[in-house]
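Values below: all heavy atoms of this structure, side chains included; hydrogens, waters and symmetry mates excluded. Residues: numbered from 1 along the sequence shown.
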Amino acid sequence: MEQKPFFAFSRLLQNDAHIHKFDPKMWNDLTYFDVLTGSKPTFDVDIKKLRQKFLRLQQVAHPDTFAKASDTEKGLADVLSSWINKGYSTLRNPLSRAKYLLKLEGHEITEAQKLNDPTLIMEVLEQREEVESCKSEEQLEAIRKYNSEKINETLDQLSKAFNDKDYQQAHDLTIQLQYWDNIQEAINNWSG
């Protein structure tokens, strides 16, 4: 009976002495969710558990653990550790997690895709202008609070869309979240 890749991967990570037997081709069938959450792909991830699993995996797979190993084992540990890092980075961030989920479901977002919601676009442009013309920390704090509310509102809607398997809605909301995240970045980079 053929083993599912996740179980072979799990066994590998439980016993680092067998890392040299690990075949990277097994990753083709694995998702970051398989390895880092042990569950089906979902938008709702327990970030604390995700971090704990990430740290446990890195204890086993980090290249420093293989300092005295063969070059092949070191190289494999490096690839494995990088893959785990990328997975953790993807799943801990709601925007990258949403994009990843959409990609898994065949609804990948491209750079050129924009929303066709003129009201939202106008609101985003106005918020961006407010950040750029902001004169004080107090003004910026009000913008930050409003933007955080918009992000949280969008995250709640995204959770529902993914739970309902409404991938078109999740797609549109992910683009919307991207707009709000860009404003958050502008807020974080503001220098009055």
- Which distance, rounded to the nearest 0.5 Å, do you find between the CG of Leu140 and the NZ of Lys135? 12.5 Å
- Validation row: Glu123, Trp180 side chains within 4.5 angstrom (heavy atoms): yes
- Item | Over all atoms of both residues, closest heavy-atom pair of Gln127 and Ile183 | CB-CD1, 3.5 Å
- Will you find, in the side chains of Asp172 and Gln176, an N or O donor that is under 3.5 Å from an N or O acceptor? no
- More than 12 heavy atoms of other groups within 6.0 Å of Asn116 CG: no
- Query: Is any side-chain heavy atom of Lys160 less than 4.5 Å from a side-chain heavy atom of Asp166?
  - Reply: no
- Query: What pair of heavy atoms forms the shortest contact from Leu36 to Ile84, and how long is it?
  - Reply: CD1-O, 4.0 Å
- Query: Got a second to check how far Leu173's CG is from Gln157's CD, nearest 0.5 Å?
  - Reply: 5.5 Å
- Closest non-hydrogen atoms of His171 and His107, given as atom of the first, atom of the second and distance, are CD2-O, 3.5 Å
- Looking only at atom types and distance, does a side-chain atom of Asn189 sit under 3.5 Å from a main-chain N or O of Glu185, one as donor and one as acceptor? yes
- Kindly give the heavy-atom pair with the smallest separation between Glu137 and Trp190, and that separation in Å. OE2-CZ3, 3.3 Å
- Query: Roughly how far apart are Asp34 CG and Lys40 NZ, rounded to 0.5 Å?
  - Reply: 11.5 Å
- Query: Going hydrophobic residue to hydrophobic residue with side-chain gaps under 4.5 angstrom, can you get from Ile175 over to Leu125?
  - Reply: no
- Side chains of Thr174 and Gln178: does their closest heavy-atom pair fall under 4.5 Å? no
- Tyr146 with Ile187, same ILVMFWY side-chain cluster at under 4.5 Å: no
- Message: Less than 4.5 Å apart, side chain to side chain, heavy atoms only: is that true for Phe54 and Asn85?
- Response: yes
- Query: Do Asp78 and Ser82 have side chains that get closer than 4.5 Å, going by heavy atoms?
  - Reply: yes
- Spacing of CD1 belonging to Ile151 relative to CG belonging to Asn147, to within rounding of 0.5 Å: 4.5 Å
- Taking the side chain as every heavy atom from C-beta outward, state whether Asn188 and Arg144 have any atom pair closer than 4.5 Å. yes
- Message: Would you say Val131 ends up clustered with Met122 if hydrophobic residues are merged whenever their side chains have heavy atoms under 4.5 Å apart, either directly or through other cluster members?
- Response: no
- Looking only at heavy atoms, what is the nearest atom pair of Trp83 and Thr31, with distance? CH2-O, 3.8 Å
- Message: Would a single hydrophobic cluster contain both Ile121 and Ile143, if residues Ile, Leu, Val, Met, Phe, Trp and Tyr are joined by side-chain heavy-atom contacts under 4.5 Å?
- Response: no
- List the steps, then state whether side-chain contact (heavy atoms from CB on, under 4.5 Å) holds for Glu108 with Lys99. CA-CA 7 Å; Glu108 192 166 2; Lys99 287 180 177 182; over 6 Å; no
Could you list the donor-acceptor pairs under 3.5 angstrom formed between side-chain atoms of residues 91-98 and any protein atom two or more places apart in sequence or on another chain?
from	atom 1	to	atom 2	distance (Å)
Asn93	OD1	Leu95	N	2.9
Asn93	OD1	Ser96	N	2.9
Ser96	OG	Thr90	O	2.6
Ser96	OG	Asn93	O	3.1
Arg97	NE	Phe43	O	2.8
Arg97	NH1	Leu91	O	2.3
Arg97	NH2	Phe43	O	3.4

- Roughly how far, to the nearest 0.5 Å, is OH of Tyr88 from CG of Leu50? 6.0 Å
- Message: Under the criterion side-chain contact (heavy atoms from CB on, under 4.5 Å), I'd like the reasoning laid out for Phe162 against Leu102: C-alpha separation, chi angles, the key distance, then a yes or no.
- Response: CA-CA 9 Å; Phe162 278 117; Leu102 288 168; 3.9 Å; yes
- Query: Tell me, do Phe33 and Leu101 make a side-chain contact under 4.5 Å, heavy atoms counted?
  - Reply: yes
- Message: Can you give me the closest heavy-atom contact between Leu80 and Ala61, atom names plus distance?
- Response: CD2-CB, 3.7 Å
- Rounded distance (nearest 0.5 Å) linking atom OG1 of Thr154 with atom CG of Leu177: 6.0 Å
- Task: Would you check if the side chain of Tyr179 reaches a backbone N or O of Leu120 as a donor-acceptor pair within less than 3.5 Å?
- Result: no
